[in-house]
Each structure stands twice: as structure tokens, then as C-alpha cells.
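Structure, as C-alpha cells:
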Amino acid sequence: MSNKGLDALGYIEREGSPGRIPQAFRPVVVTARDRVLDVFGARLHSAYLYGSVPRGTARVGRSDLDLLLALREEVTDADRTDARSLDEALDKEFSQIDGAGTLLVDRTQVLSELERHDLGWFVACLCTPLLGEDLAEDLPRYRPDSLLARETNGDLALFLPRWRERIAGAGDSEEARRPLVRFMSRHLVRTGFTLVMPRWNGWTSDLTEMAEVFGAYYPERAAQLREAAGLGYEPKGDSAVLRSYVDDLGPWLAEEYARVHGIKKPRPQ
């Protein structure tokens, strides 16, 4: 990309828009919007799309539908149950998507100082408004700097023990491991990219481009991240890949990230 995802002043441009939603996915989005209102009603402050659907890169039958809902009050267990039911119903009804995922947050959380350069940035730059008042209006503009790098992905070391538990608890089949490969591949590629993002001075959500940008600064690890980017799009449930993530690439990346950018501010448990 010629402008590296930045505007003329060097701020990260918001990606995605309703006009980029592929025709095949528009019925899914319309249904999701209506059901979100039905389920959450007046408790909903705003709703957003993110991921490949609003970016216009979704593939029929291969891509999932990603929603973020900001509630007016603190999220409850009942809200989470409702969101899971919504996701399951959408996935069952529409063959265009390979799953649906709804992220629940509350308005105060998004606008908090603690989340200013993580969840706040995510809403302001990576989410496309679907319903309600856009929280981005109350958030700052963002540059691809070290502070943003630290607060978005400077916690990989905390995830690795949980990843090992998830791998150990997954069924011993290619099908059971495939979602883990997809999720962890994407997480590692994004972390690798944000490690070098301030030096590159730009933003992209394309996994392939992320891996290429990373490889220019860490050529000795370029092949690993390039492979992870491919598995992020076309996952294979390979146990050797998962082991390499938690025993080699992940620990190295966490250590290098802490050295370069520091560690993300602790969040409440």
C-alpha cells in the first residue's frame, strides 16, 4: 500500500466500511444487526463489524463474521450466554460464514485510560460502526508508535501458558487442532508485525503483508512468520506446528517484544 494505512498527517486510517461488505455477506450483516437489537435492546450502546467482512476481503464459506458490541453497563454472564446463542444461530443459518464471534465490552471500558491504546484503538481504527453512537468520536487519533505496540501486543508471555493448556486439552485429531492453529497463527503474526510496526511506520491487517514487513527486520525468523501467515488463512491441525509456537516462536517473540517495547500494563483479572 502506498500510504501504509496512514492518512496525510501520519495517523492510522480506520479500515473497513459498510460499502466494502461483499454482496454475499450483506444478508448476514442485516440479520445480525436486527438480532443484536432484539437481544440487547436498550442496553446496547453501539455495535461494530471488524475483520475481513467490512474490509471487503471475506471469502464465502471460509471467513467468519466478527462483531463487537459495546453495552451501556458492565457485561454479565447472561449477556455472554446471549451472545453465544446469537453466534451459533447465525453460523447455523448462513453458509456464507464459517462461524460467528461476538466480542462484548462496555462503554466505560472502551473509553478508559487503561484501554486507550488497546481496546480503544481497536474500536477507533479496526471496527466499522453498525449501530448506535460511534465511540471513536470520543477517542484520540493513533500513530503506529511504540506505545501502541506495547499496549496492543505486549502481553504474549501471559498467553503462552494458557495456549499450552489449550493444546493439551484439545482432542487428538486434525479437526480439533485446526482452530487452535488458525487462532495462534494469527496472533503470532500480528504480534510479529506490531513488534516492527513503529520502524516500518504504517499499518496493515493483511497477514501476508504483516509477515513480509516483519521479515525485512528479522530475516532469521521470516520463514516462520510467513508460514504462520499462510496457516492463519488456511489452517492445518498439525501438532508439530502448535508445539513450535509455544516452545520456540512464541517465547522468542515474547522476549524480543519485551526488550524492544516493554510489557503491557497489567489488566484486572
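Heavy atoms only: backbone and side chains are in, while hydrogens, waters and symmetry mates are out.
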Check the pair N201 / L6 against side chain to side chain contact (heavy atoms under 4.5 Å, CB included), numbers first and verdict last.
CA-CA 9 Å; N201 192 34; L6 307 181; 4.1 Å; yes

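- In terms of heavy atoms, S205 sits closest to M210 at CA-CE, 3.9 Å.
- No chain of hydrophobic side-chain contacts below 4.5 Å, direct or via other Ile, Leu, Val, Met, Phe, Trp or Tyr residues, connects V30 to I21.
- Summarising the geometry of E209 relative to T204, their closest heavy-atom pair is OE1-OG1, 2.8 Å, with the distance given to 0.1 Å.
- Checked against the 6.0 Å centroid criterion, the rings of F214 and W200 do not qualify as a close aromatic pair.
- Enclosure of atom CD in E133 is not indicated, since only 12 or fewer non-hydrogen atoms of other residues, nucleotides or ligands lie within 6.0 angstrom.
- Residues R150 and I263 fail the side-chain proximity criterion, which asks for heavy atoms closer than 4.5 Å.
- A donor-acceptor distance shorter than 3.5 angstrom exists from the side chain of S112 to the backbone of E115, with no hydrogens or angles considered.
- With hydrogens and angles disregarded, no donor-acceptor distance shorter than 3.5 Å links the side chain of R178 to the backbone of K236.
- A salt bridge links E212 with R226: the closest approach of a Lys/Arg side-chain nitrogen to an acidic carboxylate oxygen falls below 4.0 angstrom.
- Every salt bridge (Lys or Arg N to Asp or Glu O under 4.0 Å) that R62 has, sequence neighbours left out, goes to E234.
- With respect to R177 and D172, a salt bridge is recorded, a charged nitrogen being found less than 4.0 Å from a carboxylate O.
- L180 and L207 fall within the same hydrophobic cluster, defined by Ile, Leu, Val, Met, Phe, Trp and Tyr side-chain heavy atoms under 4.5 Å apart, directly or through other members.
- Residue pairs meeting the ring pair (Phe, Tyr, Trp, His ring centres under 6.0 Å) criterion with at least one partner in residues 60-94, sequence neighbours excluded, are absent.
- Side-chain atoms of E151 come within 3.5 Å of backbone N or O of K265 as a donor-acceptor pair.
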Could you go through the side chain to side chain contact (heavy atoms under 4.5 Å, CB included) check for I167 and M184 one step at a time?
CA-CA 11 Å; I167 293 169; M184 294 177 190; 3.9 Å; yes

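- For the side-chain contact (heavy atoms from CB on, under 4.5 Å) test, residues two or more places apart in sequence or in another chain that qualify with D7 are L9, Y11, E13, R141.
- Residues L90 and A100 come closest through the heavy atom pair CB-CB, 4.3 Å.
- With S244 contributing its side chain and V241 its backbone, the two residues share a donor-acceptor pair below 3.5 Å.
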Which donor-acceptor pairs under 3.5 Å do side chains of residues 47-57 form with protein atoms, sequence neighbours excluded?
{"unit_1": "Y48", "atom_1": "OH", "unit_2": "S46", "atom_2": "OG", "d": "2.9"}
{"unit_1": "Y48", "atom_1": "OH", "unit_2": "L135", "atom_2": "N", "d": "2.9"}
{"unit_1": "R55", "atom_1": "NH1", "unit_2": "E15", "atom_2": "OE2", "d": "3.4"}

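- The CG atom of L242 sits 10.5 Å away from the CG atom of D247 when rounded to the nearest 0.5 Å.
- At a threshold of 4.5 Å between non-hydrogen side-chain atoms, the residues L195 and E256 count as touching.
- Scanning for salt bridge (Lys or Arg N to Asp or Glu O under 4.0 Å) contacts around E165 gives an empty result, with sequence neighbours left out.
- Side-chain N or O atoms of D134 include none that pairs as donor or acceptor with a backbone N or O of E137 at under 3.5 Å.
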Please report the C-alpha distance between V196 and R199 in whole Å, then the side-chain angles of each, then the deciding distance to 0.1 Å, and finally whether the side chain to side chain contact (heavy atoms under 4.5 Å, CB included) criterion is met.
CA-CA 5 Å; V196 303; R199 282 188 278 176; 3.9 Å; yes

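- For the pair G10 and P144, the tightest heavy-atom approach, listed with the atom from each and the gap, is O-CD, 3.9 Å.
- For the atom pair CG (L249) and CD (E227), the distance works out to 9.5 Å, reported to the nearest 0.5 Å.
- A ring pair (Phe, Tyr, Trp, His ring centres under 6.0 Å) check over residues 241-266, counting only residues at least two apart or in different chains, returns the pairs Y218-W252, Y257-H261.
- Looking at heavy atoms from C-beta onward, L225 lies out of side-chain contact with R221 at the 4.5 angstrom threshold.
- Put simply, the side chain of Q96 never gets that close to the backbone of G61: no donor and acceptor are under 3.5 Å apart.
- Contact check for L71 versus V105: no side-chain heavy atoms found under the 4.5 Å cut-off.
- P140 is linked by a side-chain contact (heavy atoms from CB on, under 4.5 Å) to R116, Y142, counting only residues two or more places apart in sequence or in another chain.
- The ring pair (Phe, Tyr, Trp, His ring centres under 6.0 Å) check on F159 picks up H187, with sequence neighbours excluded.
- Remark: P18 engages T128 in a side-chain contact (heavy atoms from CB on, under 4.5 Å) (not counting sequence neighbours).
- Side-chain heavy atoms closer than 4.5 Å link hydrophobic residues (I, L, V, M, F, W, Y) into clusters, and following such links, even through other members, never connects L111 to L131.
- Inter-residue side-chain proximity for F122 and C127 is flagged as met; some heavy-atom pair is nearer than 4.5 Å.
- In this structure, L67 and L103 have side chains that are not in contact, with every pair of non-hydrogen atoms separated by 4.5 Å or more.
- Note that CG of D91 is 10.0 Å distant from CG of L65, once rounded to the nearest 0.5 Å.
- The heavy-atom pair separating L231 from S185 by the smallest distance is CB-OG, 3.6 Å.
- For the pair W121/I12, a side-chain contact is recorded, criterion being any heavy-atom separation below 4.5 Å from C-beta on.
- Looking at residues two or more places apart in sequence or on another chain, you find a side-chain contact (heavy atoms from CB on, under 4.5 Å) between T108 and D106.
- Under a 4.0 Å N-O distance rule, the pair R43/D79 qualifies as a salt bridge.
- For R182 and D64, the salt-bridge test passes: some basic side-chain N is under 4.0 Å from an acidic carboxylate O.
- No more than 12 heavy atoms of other residues, nucleotides or ligands shown are found within 6.0 angstrom of CD on E175.
- When hydrophobic clusters are built by joining Ile, Leu, Val, Met, Phe, Trp and Tyr residues whose side-chain heavy atoms come closer than 4.5 Å, directly or via intermediates, M197 is not grouped with L147.
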Sequence neighbours left out, cut at 3.5 Å: what donor-acceptor pairs do the side chains of residues 33-40 make with other protein atoms?
{"unit_1": "R35", "atom_1": "NH1", "unit_2": "E93", "atom_2": "OE1", "d": "3.0"}
{"unit_1": "R35", "atom_1": "NH2", "unit_2": "E93", "atom_2": "OE1", "d": "2.6"}
{"unit_1": "R35", "atom_1": "NH2", "unit_2": "E93", "atom_2": "OE2", "d": "3.4"}

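- Taken to the nearest 0.5 Å, the CG atom of L104 stands 8.5 Å off from the OG1 atom of T76.
- Linking ILVMFWY side-chain heavy atoms closer than 4.5 Å, directly or via other members, places V110 and L44 in two distinct hydrophobic clusters.
- Nearest heavy-atom pair, G120 versus L139, reported as atom, atom and distance to 0.1 Å: O-CD1, 3.3 Å.
- Within the 4.5 Å cutoff, the side chain of L114 has heavy atoms near those of the P268 side chain.
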I'd like to know whether R186 forms a side chain to side chain contact (heavy atoms under 4.5 Å, CB included) with Y233, so could you lay out the CA-CA distance, the side-chain angles of the two residues, the decisive distance to 0.1 Å, and finally the verdict.
CA-CA 8 Å; R186 291 183 169 218; Y233 287 126; 3.8 Å; yes

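- Here the CZ-CG distance, from F193 to D206, works out to 10.0 Å after rounding to the nearest 0.5 Å.
- D118 and T152 share no side-chain donor-acceptor pair at under 3.5 Å.
- Listed by chain and number, the residues in a salt bridge (Lys or Arg N to Asp or Glu O under 4.0 Å) with R80 are D77 (sequence neighbours excluded).
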